[in-house]
Peer 1: 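Please find one structure pasted underneath; my questions will follow.
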Amino acid sequence: MFKEYLKELLGSDFDSVWASFFAPKKSGFFITDKSAKKRVLEQFKGAKEFFDNFYIYDDKSALSHSEFFSAGQIYIQNPSSYLATLFLELCMGDEFCDMCASPGGKSIALFSRFAGISGAAIEYDKNRFFTLKQNLEKYGLKGIRAYNKDARSIAKTCANRFDKIMLDAPCSSYSHFNETFSEKSPKELKAIARLQKGLLNAALYALKDGAEMIYSTCTFFSAENEEVIENALNSRFKLEILPLDFEQFFNSKNAAPKIMPRKYGALILPDELYSGFYICKLRKVCQKEQN
Ligand SMILES: C[S@@+](CC[C@H](N)C(=O)[O-])C[C@H]1O[C@@H](n2cnc3c(N)ncnc32)[C@H](O)[C@@H]1O
């Protein structure tokens, strides 16, 4: 079913995307402790700066076994995830919420750009919550409080509170498709889409009027991407879908992935470097008047 869906979605891009699922991916990392930059780059000679402060390096094992990783001075991440965070500009004093946060990669990436970041990181799964807490500590995100909760609860507890929200939603994760991937049943896919709609609805209650958020997933299904956005557009909130200017992030240092614009947001198509990723940026204008 997935293969057929993808063929129809991607057309002539299908073959390269399909091949990318079974090919090894290069590794990326960013530096979280700027004082370690010189030593990090000396150790990982050949690391290629790709975005500002984000590097591509072939040996993931060397990165993850390094003293810099143990000390929380570098974070290993796929460039698609990093790219999603580049669309969120935090301002001094912003109250930020990372709604589905563990292991913390999006918050840590934002922290590497906006050191004064403060707000909340929420994770429902208990074990993953402990990983999140450890990572926030390890990387020194002192301004971020971690909560072990269902993020849908912020609709009531944090109405109109946040200036920026990252909703990197739980999803069917089909961008990690490979030989051992365990496919989801139609029933499971429906339940995931229902959860995503609930999470986005809660995010919109919790955003201030005029505030912005990113909704992202690592799947290709429109039921988990555009249809979740469409559902929010038909809800009690007046929203703007903001343009995603990918071009601004690409220059002679890096290679742009193939971007597939969707009705709302865009898909990053996977290749030997980028994972498949869906990104949509929204602004909550206001809550519509109820009759
Ligand atoms: C895609 S992962 C997040 C990855 C993370 N943003 C990062 O970049 O490191 C989605 C996370 O949402 C969590 N989750 C699932 N349902 C949730 C809910 N109702 N409230 C909060 N977190 C939830 C999952 O346990 C999972 O850790």
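Residues take their numbers from the sequence shown, with the count starting at 1. One-based numbering, in listed order, for ligands and for the atoms of each.
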Peer 1: Aromatic contact between F220 and Y278, with the criterion being ring centroids under 6.0 Å apart: yes or no?
Peer 2: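 Not close enough - the centres of the two rings lie 6.0 Å or further apart.
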
Peer 1: State the CG-CZ distance between L244 and F249, to the nearest 0.5 angstrom.
Peer 2: 9.0 Å

Peer 1: With rounding to the nearest 0.5 angstrom, report the CG to OG distance, L269 to S16.
Peer 2: 7.5 Å

Peer 1: For atom 9 (O) of ligand 1, what is the nearest protein heavy atom, given as residue, atom name and distance?
Peer 2: G105 N, 2.8 Å

Peer 1: Kindly list each side-chain donor-acceptor pair under 3.5 angstrom involving residues 84-93, sequence neighbours excluded, with atom names and distances?
Peer 2:
| unit_1 | atom_1 | unit_2 | atom_2 | d |
| --- | --- | --- | --- | --- |
| T85 | OG1 | Y82 | O | 2.6 |
| E89 | OE2 | R113 | NH2 | 3.1 |

Peer 1: Cation-pi check, K7 to F14: give yes when NZ or CZ is under 6.0 Å from the six-membered ring centre and within 45° of the ring axis, no otherwise.
Peer 2: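 So K7 does make the cation-pi contact.
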
Peer 1: With backbone taken as N, CA, C and O and side chain as the heavy atoms from C-beta onward, which portion of C171 lies under 4.0 Å from ligand 1: side chain, backbone, both, or neither?
Peer 2: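 None of C171 does.
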
Peer 1: Of all the atoms in ligand 1, which lie at a distance below 4.0 Å from a heavy atom belonging to A101?
Peer 2: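 Heavy-atom distances to A101 below 4.0 Å select 5 (C), 6 (N), 7 (C), 9 (O).
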
Peer 1: For F69 and Y75, what are the C-alpha separation, side-chain angles and deciding distance, and is it a ring pair (Phe, Tyr, Trp, His ring centres under 6.0 Å)?
Peer 2: CA-CA 7 Å; F69 182 72; Y75 190 87; 7.3 Å; no

Peer 1: Quick one: which ligand 1 atoms are inside 4.0 Å of a heavy atom on K149?
Peer 2: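 Answer, ordered by atom number: 20 (N), 21 (C).
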
Peer 1: Between M166 and ligand 1, which part of the residue brings a heavy atom under 4.0 Å of the ligand: side chain, backbone, both or neither?
Peer 2: neither

Peer 1: May I ask you to establish whether K3 and F177 are in a cation-pi arrangement, using a distance under 6.0 Å from NZ or CZ to the six-membered ring centre and at most 45° from the ring axis?
Peer 2: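 Here K3 fails the 6.0 Å and 45° test against F177.
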
Peer 1: What pairs meet the salt bridge (Lys or Arg N to Asp or Glu O under 4.0 Å) rule with one or both residues in residues 157-175, with sequence neighbours excluded?
Peer 2: D94-K164, E95-R161, K106-D168, D163-K208

Peer 1: Mark up the atoms of ligand 1 that fall under 4.0 Å of a heavy atom belonging to G104, in ascending order.
Peer 2: 9 (O)

Peer 1: For atom 23 (C) of ligand 1, what is the nearest protein heavy atom, given as residue, atom name and distance?
Peer 2: Y124 CB, 3.6 Å

Peer 1: Angle between ring planes, F21 versus F2, binned at 30° and 60°: parallel, tilted or perpendicular?
Peer 2: tilted

Peer 1: Taking all atoms of both residues into account, what is the closest heavy-atom pair of I74 and S66, and its distance?
Peer 2: CD1-OG, 3.9 Å

Peer 1: Are F221 and Y5 an aromatic pair by the rule of ring centers under 6.0 Å?
Peer 2: yes

Peer 1: Quick one: nearest non-hydrogen protein atom to atom 25 (O) of ligand 1, plus distance?
Peer 2: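 Closest protein heavy atom to atom 25 (O) of ligand 1: E123 OE2, 2.6 Å.
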
Peer 1: Looking at atom 20 (N) of ligand 1, what's its closest protein heavy atom, distance included?
Peer 2: A151 N, 2.9 Å

Peer 1: What part of K106 sits under 4.0 Å from ligand 1 if we count only heavy atoms: the side chain, the backbone, both or neither?
Peer 2: both

Peer 1: Checking a contact table here: which protein heavy atom is nearest atom 12 (O) of ligand 1, and how many Å away?
Peer 2: C100 CB, 3.2 Å

Peer 1: Can you tell me how far the CG atom of D98 sits from the CG atom of L110, to the nearest 0.5 Å?
Peer 2: 7.5 Å

Peer 1: What atoms of ligand 1 come within less than 4.0 Å of a heavy atom belonging to M99?
Peer 2: 21 (C), 22 (N)

Peer 1: Tell me which protein heavy atom sits closest to atom 4 (C) of ligand 1, plus the residue, atom name and distance to 0.1 Å.
Peer 2: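 The protein heavy atom lying closest is S102 O, 3.1 Å.
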
Peer 1: Check ligand 1 against D168 and write out every atom of the ligand that is under 4.0 Å from a heavy-atom position of the residue.
Peer 2: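 Close to D168: 1 (C), 3 (C), 4 (C), 5 (C), 6 (N), 7 (C), 8 (O), 10 (C).
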
Peer 1: Please list the nearest protein heavy atom to atom 16 (N) of ligand 1 with its residue and the distance rounded to 0.1 Å.
Peer 2: P170 CG, 3.7 Å

Peer 1: So if I count the atoms of ligand 1 from 1 in the order they appear, which ones are less than 4.0 Å from some heavy atom of D125?
Peer 2: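 Under 4.0 Å from D125, ligand 1 has these atoms: 25 (O).
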
Peer 1: Tell me the protein heavy atom at minimum distance from atom 19 (N) of ligand 1, and give that distance in Å.
Peer 2: D150 OD1, 2.8 Å

Peer 1: Counting from 1, what ligand 1 atoms have a heavy atom of R128 closer than 4.0 Å?
Peer 2: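 Under 4.0 Å from R128, ligand 1 has these atoms: 25 (O), 26 (C), 27 (O).
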
Peer 1: Check A169 against ligand 1 and report side chain, backbone, both or neither, counting heavy atoms closer than 4.0 Å.
Peer 2: backbone

